[in-house]
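In what follows, a structure is listed as structure tokens, so that the remarks can point back to it.
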Amino acid sequence: MERQQRFMSERDEYQFQHQGAVELLVFNFLLILTILTIWLFKNHRFRFLHETGGAMVYGLVMGLILRYATTPTDIESGTVYDCGKLVFSPSTLLINITDQVYEYKYKREISRHNINPHQGNAILEKMTFDPEIFFNVLLPPIIFHAGYSLKKRHFFQNLGSILTYAFLGTAISCIVIGLIMYGFVKAMVYADQLKNGDFHFTDCLFFGSLMSATDPVTVLAIFHELHVDPDLYTLLFGESVLNDAVAIVLTYSISIYSPKENPNAFDAAAFFQSVGNFLGIFAGSFAMGSAYAVVTLLFPLTHLCHLTKFTKLCEFPMLETGLFFLLSWSAFLSAEAAGLTGIVAVLFCGVTQAHYTYNNLSLDSKMRTKQLFEFMNFLAENVIFCYMGLALFVFQNHIFNALFILGAFLAIFVARACNIYPLSFLLNLGRKHKIPWNFQHMMMFSGLRGAIAFALAIRNTGSQPKQMMFTTTLLLVFFTVWVFGGGTTPMLTWLQIRVGVDLDEDQKEPSSHQEANNAGKSTTKTETAWLFRMWYSFDHKYLKPILTHSGPPLTTTLPEWCGPVSRLLTSPQAYGEQLKGDDAECIVNQDELAMNYPEQATSPCSPPARPGLDQKASPQTPSKENIYEGDLGLGGYGLKLEQTPGQSQLN
Amino acid sequence: MEPGDAARLGPERVVRALPSRLLLLPLLPLLLGRGLRAAASASSSGAAAEDSSAMEELATEKEAEESHRQDSVSLLTFILLLTLTILTIWLFKHRRVRFLHETGLAMIYGLIVGVILRYGTTATSGHDKSLSCTQEDRAFSTLLVNVSGKFFEYTLKGEISPGKVNSVEQNDMLRKVTFDPEVFFNILLPPIIFHAGYSLKKRHFFRNLGSILAYAFLGTAVSCFIIGNLMYGVVKLMKIVGQLSDKFYYTDCLFFGAVISATDPVTVLAIFNELHADVDLYALLFGESVLNDAVAIVLSSSIVAYQPAGLNTHAFDAAAFFKSVGIFLGIFSGSFTMGAVTGADVTKFTKLHCFPLLETALFFLMSWSTFLLAEACGFTGVVAVLFCGITQAHYTYNNLSVESRSRTKQLFEVLHFLAENFIFSYMGLALFTFQKHVFSPVFIIGAFVAIFLGRAAHIYPLSFFLNLGRRHKIGWNFQHMMMFSGLRGAMAFALAIRDTASYARQMMFTTTLLIVFFTVWIIGGGTTPMLSWLNIRVGVEEPSEEDQNEHRWQYFRVGVDPDQDPPPNNDSFQVLQGDGPDTARGNRTKQESAWLFRLWYSFDHNYLKPILTHSGPPLTTTLPAWCGLLARCLTSPQVYENQEPLREEDSDFILTEGDLTLTYGDSTVTANGSSGSHAAPTSTEEVLERDLGMGEQKVSSRGTRLVFPLEDNA
């Protein structure tokens, strides 16, 4: 009998597990479908629907099917057990059911009004992920990849503007959305659609902050494909990346805003505490991320690898990639463990690593690492968008409120306008290279909402206002991704923005070092403030030589009295390859990575770099023979790498 | 706790049970601790109810945050462990230390952290409440609990055997680092197994297919039964001595036998690979260990499913026995077909070639879907994934673009590497953090003896029989080496940890853990001495650093280097009709593999490959004339273009461990220049020429890095 029962419970468990398999399978199929569709679209050059939009469509269809084609199965799972003895909820519950003790794990709190819809369909229940998964598993690769692929040169050129948009802009947009929504909420109370006191001003602000996280993947993908003006691209991309970080921290500090007495009145102390929290968390996460990146690159071994010419050490690109991956992840986890925001840490870890560590990796590892993160980013992004589509039907506690949704639509447009136009005006006062009107319109237009807004909204769906916010966010994401995303190409032509210009040329030329780079430097000089210029020279002269193998040798940059120290810290490679330091800044472009390789690859082959420079001085019209020669050289080098990587000094 | 007990205690603590047909449910806190104290304080301050509820909410939120933080810390622990392991491996590899493999190292670090966690953290009890409700006959997957007006949702975590209620883990940290065993099966094992299937060295594998299958199927069955019987003897002994405190049935012994039959000689194989040990030995060991795992999984699940009909549930019952055998065959063949079919039907007609990222993602998702599909249908996902990997390596791989191939390979390599090291470091950790260890010296010693006997009883007789049929005998030293390489690893661990509810299973788990430690450290460390002691050909030409190239070519001639061995004409079809030195090889293939395999080969080459991939001869030439139309529509246009032999020939040996590119290089040279089998001493000029040739090939095989400039400038 007992064994029978155990067998039964084993059966149950199998059932349980198979259901897990089924739900994952559904996602897998959705993703496969999405990939096939994207491929079709890309082949036919359809640009009106991005892959993320496609993923959402499939998710919607699947959600519809699941919702209306499956029958409620597990009726009893909705029963409520009373337990007056317990006053707080323990993390683990042991329940004795007819002599069999079961262990239950705390999942979440459910507010009273959600209990009824909760009853019923087990499949829908299974399909709903734990929201923490988004934060802990799916978002980090996306964010890291974003940080990792910030186009460095253009990014630093526009750093001031980007920071302004990201910090000031997000704050403005948060407050504007919050105020407008508060107005609408008041109107709703007036129209009897909402009980008074349900929806506080802090809730409105919360909504504002989560809605401020823009995520124009779609637009950026199209820009990238069409080679839109790099400045515009950088502005948008940089803004959206930093935006996310700001919005996350902002949301968090609003949610812990807890005045002492009346919990919803304004309290200056609590307000300043929140601001303090914001600053503290942001700075902490920033420091944590950068610290991890520095740790990564200070790895004695990576250094050793070149320093002592133990060439063998570079032979294991997989280890390097694994290490890189693990350290990036631990940046995230340690920030979380310390109570900071992991995502922000990961973002800055990515930025720093792209800047420094990347130069320390071996050639093969660079490729591998980049591909790995690209792959993870792709999967994670599509999973999230797929889930969004699914969630519209599968999520059980939607609250559709027409007025609120309308208000939200209005609010995000107004807020976006309040953010872009005044800030651009102010920035144009200081910028030499003005942001023209069509750029501003385009930026205004690209205020898409995406993964971050969704993840922030789904994180807490306990109370009624939060559920309303979640539903609204979902609809906003749908609308913006489909409509704005689809309208990008027409908008570009309508606004007469340079298309298909020079993203590539622009990359190629500067990396050919001589005139172009000088030109780039001079613009950099004039455009960015002196602070950044200081940082540049500091970075170039001291940090890079210490942390990487590129840049000028420390012995030349440091004053004489620290001679021994500098000799110790400079890697021997730095002497040989001064050239390398220059293109280090633009190595990490989206997809043009490959283009930079040849240059790097040839330079070790050719004696100290001079011939390489001459050869590359005229990259525009190379003769056929030249190409051929280059090819052979490349081949030879690649071969060497395979067999005795790092033995380049032999040549 | 007896039901009567609960009923007796019930009335005083009865709370209203909610709905319908349920009886009153007496919920009684077993572990009172903080709960009661909190209750007291709450009742005393009833006036400030609203306030306290707000406080409580804050408290719950704080607790959730705390728990989240702990989650992060526990994951961080693992990641730091892995990082440490990687760094140390780096050092070891560089110093050429071979006595400790990365997996062994991961275990050591795991052990250390386990000790720290165990003795360095304090027990934080008080979070547990135990309730008891007698009204139910089964457990729900989710539970809603009404705690003073607030509703909380609980999910089922697992069953706890009645005797263990009090030993439920009190230490939050230890509990956090203990993973759900299903994680191993659903997340960590698939990449490992898939990678194994994907990187089976195809030619050698197929040449020794008969022997490998014999070892894997017969061998595992033999070893399972021998271990099971021996352990039953040990258990009987323990009963006599009085060391056994709970039931231990014969089926449990057999289960143990099945679990422990899954060998996993990663360590040994890594050393073989590094030292370039004999290819045949490598193929035998690797093939055996891979298939072994599949057999062991299915075997153990069919033993679990063995359920005699009569009253005495542990007596022998022929019907139930045959049912188990049926289940075994059913699951195995089901998983096999599922893996093979889904593996095969990918990407024939989708030419995603311009988008390697999409291709890789598709490949990954398809492989994972295979696993999930098999699980959803009640088959064994791991087995399906294994065969999916083999099939994909055979067919799909040819359809991928060159860049995707390397991407895919690298992706799975990284995943495999991380997963494997994670499992091993978890093993180390589990020795201390797992709460329900049952150490029984007699059982452990018995198990050690049993696995050696089981291994011996499986290798020597089977080798003897196989040698009767094989032309290329398995030498004594090979047999000793195989006997020696009976390491246990990830699979045995995952199987053992899957169910640790009963006393017997807990004892098994502990024993398995110790066996894994022992074999990985001792036997893994002893591989190099053993190889030299047994006089097994090792890395006949160790490459010298300066001119590896030259040496590669010598390998090529001698044909001993495992990575390098593939002769130019490798597709069996070609091999059979090859000329020069290859004829000998071809002959051997002919005589060694049965006619069945030959038949399969030609069928594969003539029909399956053209249908499923873009290589092979066009169907129009291989199919009879009357199906011309069908043939034309199934053959992809590429096939006609790719008629040059080069493309299809390398399909079989693409997947050598680490030297993908080198293989390419060779085959290119073969195609470009002479037949490649005339391997007379080469002049330097020729070497140089080959160098260039290889370089050229690399241009296309290395993907983005080098392809781009070509396209851009030309």
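Since the structure is predicted, the reported quantities are computational estimates derived from the model, not experimental observations. Below, chain A is the first sequence line, B the second, and so on; all start at residue 1.
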Chain A contact via Leu82(B) - side chain, backbone, both or neither, heavy atoms under 4.5 Å: both
Region of Leu418(B) in contact with chain A, defined by heavy-atom distances below 4.5 Å: side chain
Less than 4.5 Å to any heavy atom of chain B: does that hold for the side chain of [X], its backbone, both, or neither?
X         : result
Ile32(A)  : both
Leu379(A) : side chain
Phe325(A) : side chain

Rounded distance (nearest 0.5 Å) linking atom CD of Gln410(B) with atom CG of Leu372(A): 9.5 Å
Nearest heavy-atom neighbours spanning Ile35(A) and Ala361(B): CD1-CB, 3.6 Å
Heavy-atom closest contact (Ile79(B) atom, Thr83(B) atom, distance): O-OG1, 2.6 Å
Ring pair (Phe, Tyr, Trp, His ring centres under 6.0 Å) partners for Phe417(B), two or more places apart: none
Residues that Phe375(A) engages under ring pair (Phe, Tyr, Trp, His ring centres under 6.0 Å), provided they are two or more places apart: Phe364(B)
